[in-house]
Each structure stands twice: as C-alpha cells, then as structure tokens.
Amino acid sequence: MKCPNCGSESQGKFCKYCGTPLTQETQQQKNYEEQDGPAVENMSGEQKESGEDTYYQQPYRQETPSIPPEYKPITMWGYFGYELLFSIPCIGLILLLVFAFGGTQNVNLKNFARSYFCFLIVVVVLFAVLGSIVGIGAISTLQY
C-alpha cells in the first residue's frame, strides 16, 4: 500500500517510514470507482468496470463480527484478576463456586472458573495423597 504522506510502499496499518495511518484498500477502491465510473458486481464476488471486460477481485475486508455478550472474550488482565480473586482463601472459593455453577452469563468466565475448580480439586487430591504418604512414613518411624 502506498503511503499518502511520504509516498513509500508499506504494509500494515501504519507507514513504516513516517508512521502515518494507512487507509484501507476499500478507500482506494472508492477513489478508483469515482475516477473510472461505478463498478458492477457479479455473482462470484468479482467486479467488472462498466464499459470494460476486465475483472478484478474485490479486496478482502475483515469485518468485526458482533459477539453476543455471553461470549465476550476475557482479556489477559481479566484472567489474571479472576485468578487473584479465586486464590483468596474463603471468599475466593465461594466466588469460584458461584462463577463455575451459574453466577455469570459469560461462557468464557464460566469455563475459566470450572477449569480453575478442576485444578483446585487436583491440587487438593495431590496434597491428600502426599500427606497420607508422609503421615504413614512418620508413624512407621515413630514405632521403632
């Protein structure tokens, strides 16, 4: 894409030489259509200039999908904050259970709370097994 400020060829959203925000290819297409007449779109997504037989494919436009609120992603800091919240001894366990079993409509938060709860169960079981092994070893050494 050509930078409108310095004229250099750059890729991305900003010019790598002067930092000017680069316009989308759709803006360039609009300018092209204004100069040469309207484009006619056919069934395959290609466009034909009026009066010419040349075809060109419409540039790919990535549209941001509208995400329903129950599927809204959690940011990295959100995960970090919830992990800190869930690690508080008594209140964190209560909130973990609330979020894991229906306290929120956000599916991502609910799944994170459920996975954290499963991790907590695994840790408790490991500590119980390790504690029983150490306890049995301690009792057997005291008997002699």
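In this text the structure is predicted, and so the values were computed from the model without any measurement.
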Any link between Ile94 and Phe117 through a network of hydrophobic side chains (Ile, Leu, Val, Met, Phe, Trp, Tyr) touching at under 4.5 Å?
no

Quick check on the hydrophobic clustering: are Phe80 and Ile74 connected, directly or via other members, by side-chain heavy-atom contacts under 4.5 Å?
no

Pair up each side-chain donor or acceptor in residues 81-90 with any protein partner under 3.5 Å, not counting sequence neighbours, and list the distances.
{"unit_1": "Ser87", "atom_1": "OG", "unit_2": "Glu83", "atom_2": "O", "d": "3.3"}
{"unit_1": "Ser87", "atom_1": "OG", "unit_2": "Leu84", "atom_2": "O", "d": "2.8"}

Output a table of donor-acceptor pairs, distance under 3.5 Å, between side-chain atoms of residues 119-132 and any protein atom two or more places apart or on a different chain; print 'none' if there are none.
{"unit_1": "Ser132", "atom_1": "OG", "unit_2": "Ala128", "atom_2": "O", "d": "3.3"}
{"unit_1": "Ser132", "atom_1": "OG", "unit_2": "Val129", "atom_2": "O", "d": "2.8"}

Under 3.5 Å donor-acceptor pairs involving side-chain atoms of residues 98-110, not counting sequence neighbours:
{"unit_1": "Thr104", "atom_1": "OG1", "unit_2": "Asn106", "atom_2": "N", "d": "3.2"}
{"unit_1": "Asn106", "atom_1": "OD1", "unit_2": "Asn108", "atom_2": "N", "d": "2.9"}
{"unit_1": "Asn106", "atom_1": "ND2", "unit_2": "Lys72", "atom_2": "O", "d": "3.2"}
{"unit_1": "Asn108", "atom_1": "ND2", "unit_2": "Tyr71", "atom_2": "O", "d": "3.3"}
{"unit_1": "Asn108", "atom_1": "ND2", "unit_2": "Lys72", "atom_2": "O", "d": "3.1"}

Please give me the minimum heavy-atom distance between Ala113 and Leu96, naming the atom from each residue.
O-CD1, 3.3 Å

